[in-house]
Amino acid sequence: MPSKGTNRVSRAQPKPHSDGPMKTRHHMVAPVLSALIPGSGQIYNRQWIKGLMMLLLSGFAISYFASTLRTAVWGMITLGDVPSRLEEVNGRSVNVPGDHSINLMIQSLIVLFLFVLYLIVYISVIKDAYRTGRKRDSGLPPATFRQTLTFIHDFKFAQAMLVLPGAGILFLTILPIVFMVLLAFTNYSSPHHIPPGNLVDWVGLDTFAQLFRLSSWSGTFLGVLGWTVLWAVVATATTFISGLAVALVLSQKEIRLKGIWRTLIIIPYAIPQMISLLAMKMMFNGKFGPINQYLSHFGLGQLPWLTDPFWAKFTVIIVNIWVGMPLSFLLISSVLSTISPDLYEAARVEGAGRWQQARIITFPFIMFAIAPILIIQLAGNFNNFNVIYLLTNGGPSNPEYQFAGHTDLLITWLYKLTLNNNIYNIASAIGIILFIIIAGFSIWNYRQTRSFKDEEMTQ
Amino acid sequence: MINRMSTKFRVIASYLFLAIVVCWSLYPAAWVVLSSFKPGKSLYSESFIPKSLTLDHYTELFQSGSLMFSTWYMNTFKVAIFSMLLSTFLVTITAYALSRFRFPGRKASLTLVLVLGMFPGFMSMVAVYILLMQLGLLDTHMALVIVYSFGSIIFNLFVAKGFFDTLPKGIEEAARIDGASNFRVFTSIMLPLSKPMLVFVALTTFTGAWVDFIFASLVLRSKEKWTVAVGLYDMVNSYQNAYFTLFAAGAVFIAIPITILFMYLQRYFVDGLTAGANKG
Amino acid sequence: MKRKQALGGLAKVSLFVLTLSLVITTACSNNANDPNDSKGTGNTPDQSKFDLTFNKLETDLVPEPGASLLIWESKEARPFVEAIMKEFTAAYGVEVRMQELGTMDQIGKFELDGPAGLAADVITTSQDHLGKAASAGLILPNDEFEEATRSEHEAVAVTAGSYNNKLYGYPIKVMTYAMFYNKDLISKPPATMEEVIAFSKTFTDPDRNKYAFMFDAPFFYFSYPFIGSTGGYIFGNNGTDPADIGLNNEGAVKGMEVFASLRKEVLPISAGDIASDIKTTLFSEGSVAMNVTGSWFIETFRQAGINFGVAPIPAIGGNDSVTLSQVNSWYVSAYSKYPNAAKLFARFASNKSAQLLNYELTGAVPTHKEAAQNAVIQGDEITSTFYKQFSNSHSAPSIPEISSVWVPMDAAMVEIWDGNDGKEVLDRAVKQIRDAMSLNAKQGDKPSEPGSTEAPF
């Protein structure tokens, strides 16, 4: 299996050096040179193209960091010295721009991230010079540029493929998350610490301390957390079970026109949630919504779908099934269709009934393929912003809670804290706690799934 | 005889069940469609089918001076197509590398991606805003394409990787013995086999661009750059006057391309997956 | 084989979708003119009822050479902004563009776009966002035209445009709500809530969706008369002292009793089900006799073709009803490249002629004293009623602490409407507001921090 190869040195066709073995010290000289001037070690090793590329890259990097790194470190430590302010010039107020703490923090992060990346390149350039030097010491010629490329293609194919996606994720996802985490350790909050008219400062763990000192906050946190967990579990289970039920029913061989049924069933997925949820909100209106109008037509009582704490929770779950079932259905359907009919045939020959066939063949198959997706859905439901925000906006309100209602999830609560109240630091602290809970749970769970432990089931 | 009876009963019950599911799925959709023909601004109506119907909202979508629906539509189309292409490429190479190769840090990377998907995204949006500002990409469609595509790696990786996991190892080993390089194995053996997965990823990113209003409204700051979702949300998010019926008409226009795509692709998606897996 | 067909199908579909959308967009794009670049196609003031003159302002301030301006205003204000932009360009030769943006969303967007250099030069918002904008250093004070603004506009409007005793705003219009009533259903508007209850007994019939009196009970903004009329208030000292919260005082509790009684006697719907959207429809259909809402709905009801009038909100607990009011003002961006041109525009678009024009084109209620005294406006029953209600209103506070008030108070309104004890709920809401404020304030307590004191301007 060549893909397993993580060899340090290419063993492709070793050719003895024409000069024969000689006591050389290339493995010392090359890395030292590269450490001083990255790329020079490669040139010393007669790897011209690689060396030149590294030289160019380093030249570019050094000129970039020379002008930015100091500011970045200073910005990260101080978060700015002078806020922007108004000054009188000839009797007129003029805005004098100062340091914008938040922008400064993000800009510094970008530079620091780039710098770490460059450091990694720098170290590998030194390592590479050392390795090639060793190779030359043992009398082998240095790899040509073409050989290097072939080596990457043959043995570092996966890593090479991952460079672009990795860089994108680093800057577009990881960097913003690091920024958000850092906010929890500042005093960035309305009304006194909103830049650019004010500076934001580091406050250490103060934010967390406040969050737990104020009982109304910690009470809200625990209450909302409890419902969030319940919601995530129930919402995931109900969409999965309903998707499974519909998929199983539709997969029976007696059912005709499968394509048409399938199309009709997945239509909810094609309608933007923003639209369907606002429509649902209207439909579930206890007084004027069509659902209660029908109920009273049939002489049944009207239900407080969105206004009673219990029923509101019930309604969001029901609506979530509507929203989420089609995707589960689609995924499960496709897994079902991968199960070979021979398996069922064999089971039938062994005398297994329909239920037994389902139990020994269908469910294990589905679970193997779907389990990681279920975990992702579960985590997604923890953060299911749309359904709650657009349908109930957290309501009905809970008088015991600080800025939260009965159906508020941690994420919608966070949104209210940031958007309505601009308490960014508290919101960030809550976000971190939320993240630790979800991530811990998911990692543990994911590592339990067979798809992680034993990925070669189909072998 | 009893067996036949019970089969018949089971089939009838199944059809009944499916009919109920379809009614439940279609009712809100039908409600939105009907609302779009309703006069006035409100979705509220005394009866399921409004007393009078009008096409006014559709004409207003395209003729009103303050709405730029056709521009938004074109913008969305552009963003959706390009994000679809870029994200399919990125997701495929990422999932392929993480599924078919073994290298140090592989499991850690997988766990990292899993975890990253769980962060409440909107809180870090400010950082993305500043990053795009530094790159001079604010208020451009390119920014949206980039953000959507890299975002889709995180959301689609596990589906895609799961798919590659199910492809038998035998295929590529046979190809390698024949002297095929990594690149060739990927492009001429694995890629053709993974069409259903590609369709899945393409489809989800394509629809994503049509429905996202949170991120798009952060990146696209001027009205002529908006996508339809941003424009529609703006119609109902106004504190003073909400245009629900106009919103419904716009919604119908978003749902049409997505539904048509789905109608054709889902069959292909499911059938294709079967074909891929049964080869092994 | 099958897959090939499917792929062929796929190609066809995408082609179909592509052509469909192309046809749609190209067919229709001709009609859509570009509103972001409109340079004034609104009514020309030549046909105006008023004698309007738009000359250069009397000041030595001149626009920067090559200046051009971007304005943010709401959809509803478009006709006015387009007209005034045209006049401004004619007077000063400065190009002006408008972008539509709701007045409630402007500061949030400005926080990001200002420093990024994408924001407008002149923005519009109401005073409940002013404190945040001013303390964050996002806007410039109204220094050039301070004296003129103070003397020409209503005191409430000047207060609304000021923060920390500094004037920032260039007032545009007054925003408050009053009671619309359907003249075909109720000939004379009731003067007190008792009369409303009496009328309701003869009219309200929930089974047929007939309601005598509807208002957005779950929103504190619209329920404020039941606090403010009987002695409650948000912040003391004219809305400037966050330590003095008057939302659970005796008067507020008394008003809440009237509020709760309306649930039983007038509007038997739970708070969560009162959607303003439905309320508007029902009033437009003639199913609701009285509807409390803002002046921005005048046009909607006119189009619906109902015979309506506007009256002040009926007296509560024997006191004239006090509403919560806002003043929309222009504010000049601290990030504007052309602050002089921007200041000139803000002043130009808020003087007497501009406000009369605004009234004429959008029905805006003026803040300019002379404009408000104009015979045409005085003779306009609807506008003068709104003006009357405005003069009997509390101005929404402009200090940034106001942002901690809305959410707990909205929740409290829902609670009380749905039958909980008024005193208890209000006390709890006030505690929440204090908690939220203390959280923010605490971090400012460190004496050594440079940013901890009030911004030094």
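Since the structure is predicted, the reported quantities are computational estimates derived from the model, not experimental observations. Note: hydrogens, waters and symmetry copies are ignored here, and every other heavy atom, side chains too, is used. Chain identifiers are assigned alphabetically (A, B, ...) following the order of the sequence lines, protein sequences preceding nucleic acid strands; residue numbering begins at 1 within each chain.
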Report the option among [options] that has the most heavy-atom pairs separated by less than 4.5 Å from atoms of chain B.
options                      : value
A:Leu336, A:Leu183, A:Ile255 : A:Ile255
A:Ala245, A:Gly166, A:Pro268 : A:Pro268
A:Arg256, A:Gln273, A:Gln107 : A:Gln107
A:Ile106, A:Leu175, A:Ile271 : A:Ile106
A:Ile177, A:Ile110, A:Ile265 : A:Ile177
A:Leu162, A:Leu434, A:Ile267 : A:Leu162

Review point. Can you say whether B:Leu131 sits under 4.5 Å from chain A via the side chain, the backbone, both, or neither, judging by heavy atoms?
Key: both

Exercise for review: Assess the pair B:Phe150 and A:Phe171: is the distance between their ring centroids shorter than 6.0 Å?
Suggested key: no

Of the backbone (N, CA, C, O) and the side chain (C-beta and beyond), which part of [X] lies under 4.5 Å from a heavy atom of chain B, both, or neither?
X        : result
A:Thr173 : side chain
A:Tyr389 : side chain
A:Tyr424 : backbone
A:Ser242 : neither
A:Ile318 : both
A:Val178 : neither
A:Phe288 : both
A:Met105 : neither
A:Met280 : side chain
A:Glu254 : both

Point to revise | Flag side-chain contact, heavy atom, 4.5 Å: B:Val228 against B:Phe253 | key: no

Point to revise | Validation row: A:Leu414, A:Phe385 side chains within 4.5 angstrom (heavy atoms) | key: no

Around atom [atom1] of [X], are there more than 12 heavy atoms from other residues, nucleotides or ligands closer than 6.0 Å?
X        : atom1 : result
B:Phe183 : CZ    : no
A:Phe113 : CZ    : yes
B:Arg184 : CZ    : no

Point to revise | Heavy-atom pair count under 4.5 Å with chain A, highest-scoring of B:Ala97, B:Ser25, B:Ser109 | key: B:Ser25

Review point. Do you know which of B:Phe186, B:Phe158, B:Phe89 has the most heavy-atom pairs with chain A at a distance under 4.5 angstrom?
Key: B:Phe158

